[in-house]
Amino acid sequence: MQTILTSGVTYSQLLDDLRAIIRHEVSSSSPAAPTDTASGPELLTVREAADFLNVCPQTIHDWKRRGMLLYHKIGGRTYLKRVDVLNALQGHQRTAKPAGKGGTRRG
């Protein structure tokens, strides 16, 4: 490990030098692979899928039973592919709440 001697260097000079070094390192480094925070892991557990969709785990089990969600069993555990969860969500999307009969309510 190398030692850095800072005797005779003012704080502002040291700070400017560090900034220049950091700028140089950041600009010369190759761009990092884009990371999509929404993608996450490929396989989700039932609980992770429930958290992802903001529903309870029982809802995920119900959707599996109805065939709305594809799932895979690995070693006795159930996993869902993230892409399948997203596709199921898009296929069952409701854009507006259906209007009730008669239009307005009377009190």
Can you tell me how far the [atom1] atom of [X] sits from the [atom2] atom of [Y], to the nearest 0.5 Å?
X	Y	atom1	atom2	value
L18	L14	CG	CG	4.5 Å
F52	L80	CZ	CG	11.5 Å
R23	I21	CZ	CD1	10.5 Å
R47	C56	CZ	SG	10.0 Å
E48	L53	CD	CG	12.0 Å
L43	K81	CG	NZ	7.5 Å

Please check if Y71 and V55 belong to a single hydrophobic cluster, counting links between Ile, Leu, Val, Met, Phe, Trp and Tyr side chain heavy atoms closer than 4.5 Å.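 Yes.
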
When clusters are formed by joining ILVMFWY residues with side-chain heavy atoms under 4.5 Å apart, either directly or through shared neighbours, do L86 and L70 land in the same one?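 In one cluster with L86: L70, no.
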
Sequence neighbours excluded, which residues qualify as side-chain hydrogen bond (donor to acceptor under 3.5 Å, both in side chains) partners of [X]?
X	result
T59	none
H61	K64
R65	D62

Flag side-chain contact, heavy atom, 4.5 Å: L69 against I60: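 Counting from C-beta outward, L69 and I60 do come under 4.5 Å.
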
Under 4.5 Å between any side-chain heavy atoms of V46 and Q58, yes or no?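 No. Closest side-chain heavy atoms not under 4.5 Å.
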
Which pair of heavy atoms, one from V85 and one from A49, lies closest together, and at what distance?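 Taking V85 first and A49 second, the nearest heavy atoms are CG2-CB, 4.4 Å.
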
Taking all non-hydrogen atoms of both residues into account, name the closest pair between G76 and K73 and its distance.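 What the structure gives for the nearest pair is O-NZ, 3.9 Å.
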
Going through the checks in order, is the side chain to side chain contact (heavy atoms under 4.5 Å, CB included) test met by Y79 and L44? CA-CA 5 Å; Y79 294 96; L44 303 172; over 6 Å; no

Please check if the side chain of Q13 supplies one atom and the backbone of T10 the other of a donor-acceptor pair under 3.5 Å.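 Between the backbone of T10 and the side chain of Q13 there is a qualifying donor-acceptor contact (under 3.5 Å).
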
Please lay out, stage by stage, how D84 and H72 fare under the test side chain to side chain contact (heavy atoms under 4.5 Å, CB included). CA-CA 11 Å; D84 291 341; H72 307 278; 4.2 Å; yes

